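Structure first, commentary second.
Since we're looking at a predicted model, the values are computed, not measured.
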Amino acid sequence: MNFIKVDSYERLSKIAADIIAAQVILKPDCVLGLATGSSPLGTYANLAEKCQKGELDFSKVTSVNLDEYVGLDSGNDQSYRYFMNKNLFTKINIDINNTNVPNGCADDIEAECLRYDKLIESLGGIDLQLLGIGLDGHIGFNEPGDKFIKGTNLVTLDPSTIEANSRFFASVDDVPTKAVTMGMGAIMSAKKVLLIANGKNKKEIVEKSFFGPITPYVPASILQLHNDLTVIYSEN
Ligand code: GLP
């Protein structure tokens, strides 16, 4: 593991964007696994700037996002598809048809999970997976539990996750209670994993995840077994 401690969110975002940029330059038709949440916003802004300056070309890139709330469609400003369109896809020259987010409004969520895994497989897997981390150690929406789940799956969100994510909604009652998330199989099969975490409130879970025992009760701890993991942490 490459653990990089930096002193600002700006620095974190710049390094993360440089790592992703290097991936795109080295393999222009790469598959990027992307994340939502507040942590990647600075990274995405840096990538958009590089692309707008003509330094980076996303025209051959395919993306697969980690997760989506059940019941929120692309027009809902709290859906992760909306987030990605707004914060990244409309700001870079990626072909929108090559961007993928699980469909949280599918009639048959189980079939949607299988479709998503098949899609990732058909793309040849993920070259670089970007991750944030939840306060309870979740990655994507893989919540703590008694086992690691391999495939894309339907999850019931932990009350602490609902509470944490309620800051983006009008009220806690508006936060969906379920989500579709990529499982640990696709994440762990990614050739490179880049996890970004910032803020004093993430310090404890970052320590537990990367320097504590590997346990499904701290989902991100499985990443200790990945052979190309970079973690960037800023306390500020
Ligand atoms: C959500 C997302 C995660 C993300 C987490 C942390 O629950 N499903 O992918 O890592 O939030 O978000 P933030 O970066 O805002 O702390």
Counting N and O atoms only, with roles assigned by atom type, does the side chain of [X] sit under 3.5 Å from a partner on the main chain of [Y], one being a donor and the other an acceptor?
X      : Y      : answer
Lys202 : Ile133 : yes
Thr90  : Asn85  : yes
Asn76  : Asp73  : no
Asp127 : Lys192 : no
Thr181 : Phe141 : yes
His138 : Leu157 : no
Gln78  : Phe168 : yes
Gln129 : Ile187 : no
Gln224 : Ser209 : yes
Tyr80  : Ser74  : no

How close do [X] and [Y] get, heavy atom to heavy atom, and via which atoms?
X      : Y      : answer
Pro213 : Ser221 : O-CB, 3.6 Å
Gly132 : Ala35  : N-CB, 4.2 Å
Tyr116 : Asn100 : OH-O, 3.2 Å
Leu123 : Val31  : O-CG2, 3.9 Å
Val206 : Tyr233 : CG2-CD1, 4.0 Å
Ala48  : Lys91  : CB-CB, 3.7 Å

Please check if [X] and [Y] belong to a single hydrophobic cluster, counting links between Ile, Leu, Val, Met, Phe, Trp and Tyr side chain heavy atoms closer than 4.5 Å.
X      : Y      : value
Leu41  : Ile19  : yes
Ile232 : Met1   : no
Leu114 : Val70  : no
Val193 : Met184 : yes
Leu131 : Val101 : no

Can you find a side-chain donor-acceptor pair between Asp136 and Thr161 that sits under 3.5 Å? yes
If you count the non-hydrogen atoms of other residues, nucleotides and ligands that lie under 6.0 Å from [atom1] in [X], is the total more than 12?
X      : atom1 : value
Arg115 : CZ    : yes
Asp107 : CG    : no
Gln52  : CD    : yes
Lys27  : NZ    : yes
Glu55  : CD    : yes

Spatial distance of atom [atom1] ([X]) from atom [atom2] ([Y]) [nearest 0.5 Å]:
X      : Y      : atom1 : atom2 : answer
Glu143 : Tyr217 : CD    : OH    : 13.5 Å
Asp173 : Ile162 : CG    : CD1   : 10.0 Å
Ser63  : Ile92  : OG    : CD1   : 7.5 Å
Thr43  : Ile196 : OG1   : CD1   : 3.5 Å
Leu130 : Thr36  : CG    : OG1   : 10.0 Å
Lys191 : Asn227 : NZ    : CG    : 12.0 Å

ring-ring contact (aromatic ring centres under 6.0 Å, His included) between Phe58 and Phe89, worked out: CA-CA 10 Å; Phe58 285 89; Phe89 299 151; 9.3 Å; no
Chi angles and distances behind the side-chain contact (heavy atoms from CB on, under 4.5 Å) call for Lys200, Asn236: CA-CA 7 Å; Lys200 285 194 174 55; Asn236 304 303; 3.8 Å; yes
Between Cys30 and Val24, is the side-chain contact (heavy atoms from CB on, under 4.5 Å) condition met? List the steps. CA-CA 6 Å; Cys30 64; Val24 174; 4.1 Å; yes
In the structure I gave you, are the side-chain heavy atoms of Glu68 and Ser79 within less than 4.5 Å of one another anywhere? yes
Compare all side-chain heavy atoms of Glu112 with those of Pro102 and state whether any distance is below 4.5 angstrom. yes
Should Cys51 and Asn93 be marked as a side-chain contact (heavy atoms from CB on, under 4.5 Å) after you check the CA-CA gap, both sets of side-chain angles, and the distance that decides it? CA-CA 7 Å; Cys51 187; Asn93 68 334; 3.4 Å; yes
Pick from Ile20, Leu47, Thr99, Leu88: which one makes a side chain to side chain contact (heavy atoms under 4.5 Å, CB included) with Leu32? Ile20
Does a side-chain N-to-carboxylate-O contact under 4.0 Å join [X] and [Y]?
X      : Y      : answer
Lys14  : Glu10  : no
Lys50  : Asp18  : yes
Lys118 : Glu121 : no

May I ask you to check whether Phe211 and Phe3 place their ring centers less than 6.0 Å from one another? yes
Within the 6.0 Å centroid threshold, strictly below: Phe169 and Tyr69: yes
Please test Lys178 against Leu154 for side-chain contact (heavy atoms from CB on, under 4.5 Å), starting from the C-alpha separation and ending with a verdict. CA-CA 7 Å; Lys178 290 186 188 299; Leu154 172 66; 4.2 Å; yes
